[in-house]
Protein chains: 2
Amino acid sequence: MRLNSQDIHTRFRRHAVRVTRQRAAIYQALAETTSHPTANELYQTVKRQHPMISRNTVYYTLGVLRQAGLVQEVNVGHEVARFDGNVTVHHHLICLGCSQIVDVMDEALNQLAVSDGQARGFRILGHRVEFHGYCAGCQRAKLDAPQRSRQEH
Amino acid sequence: MRLNSQDIHTRFRRHAVRVTRQRAAIYQALAETTSHPTANELYQTVKRQHPMISRNTVYYTLGVLRQAGLVQEVNVGHEVARFDGNVTVHHHLICLGCSQIVDVMDEALNQLAVSDGQARGFRILGHRVEFHGYCAGCQRAKLDAPQRSRQEH
DNA sequence: TCTCTATCTAGGAATGATTCCTACATAGCA
DNA sequence: TGCTATGTAGGAATCATTCCTAGATAGAGA
Ligand SMILES: [Mn+2]
Ligand SMILES: [Mn+2]
Ligand SMILES: [Zn+2]
Ligand SMILES: [Zn+2]
């Protein structure tokens, strides 16, 4: 979602976050994509408008925005951290082939609970569901692969 | 679950995994705990019986066992990798206070699916559910904390 | 509008989990 | 039992993330 700088300013101030050009650009970049970028990808994107920005600022800002609840961290397996500007409750579909992450909004998934017998006295505040599989593109690539290797001989 | 070395030998060979003392010890350590240890914790444990073992062997072995399907990797947020000797389908409860991971076996959770509308052409092979909250101990610690800070004044 | 200070930023160094490299050892097939 | 593909130890390398610090600046208050 495209946000103008006034929107961002209001949203930041509502969460007591100081507004700087760098922060606005980082948040902007995250808000207008659904691709769950890494800190480094955000750095590369923001660097086009702010050539002097440092990686440290990107990490620090993501930490600030996360604590303010404006951003969330998403983790695929044990790969590098990925970030999500969508802080509504939702879940993810992860491609084992190309690592892409796709949002899943499904009210039923938001209602999951653990039976008391299994809860072991935990007070549960939330949960996260990850579906693992292959995207349409990667399924096609797999079908094509044997044909290609035949041609290689 | 305590396994004798014959059990381990049989299990390894069934999966075409070569048997070495180091591997058996690593697998043993993992099989007899429910605590989802890190590679380094396994290294420390196994080192008691095998003082010369290297961390590299632990990592390499965990990779081999994982590919053989004898072990799985569990990831809590973005912390260090944790390993699980329980390869049956199950899910986890994670304490935000002390990071402990507790198994949840719940048939209903194993049946989750994504609606076709949301699946975006993915072929889904599996899923993982993480519940986040505070364990009984950490809930108590939180209640005690304000009292302690009152005393501190 | 101006001032003051807590907080930010840039840049570079440090950290630490994991992977890479390599020479020697060994599991297990035949 | 011998042979060879594979495993092991140990050290170096990698690289995402965090730490440190000196100069900049947002924004609260006057
Ligand atoms: Mn998302
Ligand atoms: Mn488990
Ligand atoms: Zn894919
Ligand atoms: Zn706890």
Side-chain angles (χ1 to χ4, degrees), chain A residues 5-6 8-27 29 36-68 70-71 73-83 99, chain B residues 5-6 8-27 29 36-68 70-71 73-83 99:
Chain A
S5 56
Q6 190 47 248
I8 293 179
H9 196 284
T10 313
R11 202 173 287 193
F12 276 24
R13 296 276 61 211
R14 186 177 297 142
H15 293 264
V17 170
R18 280 206 191 176
V19 184
T20 68
R21 298 153 175 280
Q22 294 90 335
R23 288 180 174 188
I26 292 165
Y27 184 66
H36 308 87
T38 64
N40 191 54
E41 286 166 353
L42 287 167
Y43 169 67
Q44 298 299 339
T45 301
V46 171
K47 201 160 59 156
R48 290 202 290 266
Q49 309 300 325
H50 295 271
M52 301 306 285
I53 198 171
S54 79
R55 268 191 189 77
N56 185 47
T57 299
V58 176
Y59 279 106
Y60 182 76
T61 296
L62 288 169
V64 169
L65 296 179
R66 186 161 49 78
Q67 285 192 28
L70 288 166
V71 150
E73 199 175 324
V74 179
N75 300 289
V76 184
H78 200 242
E79 293 174 7
V80 302
R82 295 186 163 274
F83 296 86
S99 295
Chain B
S5 56
Q6 190 49 249
I8 292 178
H9 196 285
T10 314
R11 203 173 288 192
F12 276 25
R13 299 276 56 213
R14 187 177 295 143
H15 293 264
V17 170
R18 280 207 191 176
V19 184
T20 69
R21 299 154 173 280
Q22 293 89 336
R23 288 180 174 185
I26 292 164
Y27 184 66
H36 308 88
T38 64
N40 191 54
E41 286 165 354
L42 288 167
Y43 169 68
Q44 299 298 339
T45 300
V46 171
K47 201 160 60 156
R48 291 202 290 267
Q49 308 300 325
H50 295 272
M52 300 307 284
I53 198 171
S54 78
R55 269 192 188 77
N56 185 48
T57 299
V58 177
Y59 279 107
Y60 182 76
T61 296
L62 289 169
V64 169
L65 296 179
R66 187 161 48 78
Q67 285 192 27
L70 288 166
V71 150
E73 200 176 324
V74 180
N75 300 289
V76 184
H78 200 240
E79 293 175 8
V80 302
R82 295 186 164 274
F83 296 88
S99 296

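These figures come from a predicted structure and were not determined experimentally. Chain naming here is simple, since letters A, B, ... match the order of the sequence lines and numbering starts at 1 in each.
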>> Without decimals, in angstroms, what is the distance between B/E79 CD and C/dT18 C1'?
In response: 16 Å

>> Measuring to OP1 and OP2 of C/dT9, would you say a side-chain N or O of A/Y60 lies under 4.0 angstrom away?
In response: no

> Which residue, A/M52 or B/N40, contacts DNA chain C at a nucleotide closer to its 5' end, judged by nearest heavy atom?
Replying inline: A/M52

> Atom CG of A/N56 to atom P of C/dT7: distance rounded to whole Å?
Replying inline: 17 Å

> For the pair made of CG in A/L62 and P in C/dC8, what is the distance, rounded to whole Å?
Replying inline: 14 Å

>> In this structure, how many angstroms lie between the P atom of C/dA17 and the OH atom of B/Y43, rounded?
In response: 13 Å

> C/dG11, C/dT18, C/dA27: which one has an atom nearest the side-chain heavy atoms of B/R18?
Replying inline: C/dA27

> Nearest nucleotide by nearest heavy atom, which residue falls closer to the 5' end of DNA chain D, B/R55 or B/H78?
Replying inline: B/R55

> Taking only side-chain nitrogens and oxygens of B/R23, does any of them come within less than 4.0 Å of OP1 or OP2 of C/dA27?
Replying inline: no

>> Can you measure B/E41 atom CD to C/dA17 atom P for me and round it to whole angstrom units?
In response: 11 Å

> Once you build an axis from the first five pairs and another from the last five of the helix from C/dT1-D/dA30 to C/dA30-D/dT1, how far apart in angle are they, to 10 degrees?
Replying inline: 50°

> Looking at A/Q22, A/R55, A/R23, which one forms a side-chain contact (heavy atoms from CB on, under 4.5 Å) with A/Y60?
Replying inline: A/R23

>> Going 5' to 3' along DNA chain D, which are the first and last nucleotides with any atom under 4.0 Å from a heavy atom of chain B?
In response: D/dA5 to D/dT17

> Between A/Y59 and B/T20, which has a closest nucleotide on DNA chain D that is more 5'?
Replying inline: B/T20

>> Let me confirm one number: the CG-CG distance from B/L42 to B/L62, rounded to the nearest 0.5 Å.
In response: 6.0 Å

> Once you round it to whole Å, what is the distance between C1' of C/dG11 and NE2 of A/H50?
Replying inline: 18 Å

> Between C/dA25 atom C1' and B/R21 atom CZ, what is the distance in whole Å?
Replying inline: 13 Å

>> Under 4.0 Å from OP1 or OP2 of C/dT26: is there any side-chain N or O of B/Q22 that close?
In response: no

>> With a 3.5 Å distance limit and no angle check, can you tell me whether B/H78 reaches the backbone of A/H78 through a side-chain donor-acceptor pair?
In response: no

